[in-house]
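The structure appears right after this line, and notes come after that.
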Amino acid sequence: MYEKLASFAQTWGLLLFILAFVLVLIYALAPGNKKTFDKAKRIPLEDDEPEEEDKDRGGKRD
């Protein structure tokens, strides 16, 4: 009984993970999501707040 249950879980689990991977890949590569991902990739480069030493000078840089 255990062997049948383990085999069933392994087979269907593998198929489930493959399906999930394919769906995520389709979502990530869909042309309609390009703007969203372009905006997200620029987030680390944005400077919303001045650095600590700049705050002491009123946010002005030399």
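For residues 9-26, there are no salt bridge (charged side-chain N to carboxylate O under 4.0 Å, His left out) pairs, not counting sequence neighbours. Within the structure, salt bridge (charged side-chain N to carboxylate O under 4.0 Å, His left out) contacts touching residues 5-28 (residues at least two apart or in different chains) do not occur.
If you take NZ on Lys41 and OG1 on Thr36, they are separated by 12.5 Å, rounding to the nearest 0.5 Å. From Leu19, atom CG reaches atom CG of Leu14 across 11.0 Å, with rounding to the nearest 0.5 Å.
Grouping Ile, Leu, Val, Met, Phe, Trp and Tyr by side-chain contacts under 4.5 Å, direct or through others, leaves Leu45 on its own. Members clustered with Leu15: Phe8, Trp12, by chain and number, using a 4.5 Å side-chain heavy-atom cutoff among hydrophobic residues.
Residues that satisfy the side chain to side chain donor-acceptor pair (under 3.5 Å) test with Lys35, not counting sequence neighbours, are absent from this structure. Taking Leu25 as the reference, Phe21, Leu29 meet the side chain to side chain contact (heavy atoms under 4.5 Å, CB included) condition, with sequence neighbours excluded.
In terms of modelled atom types and a separation under 3.5 Å, the side chain of Thr11 and the main chain of Ser7 share a donor-acceptor contact.
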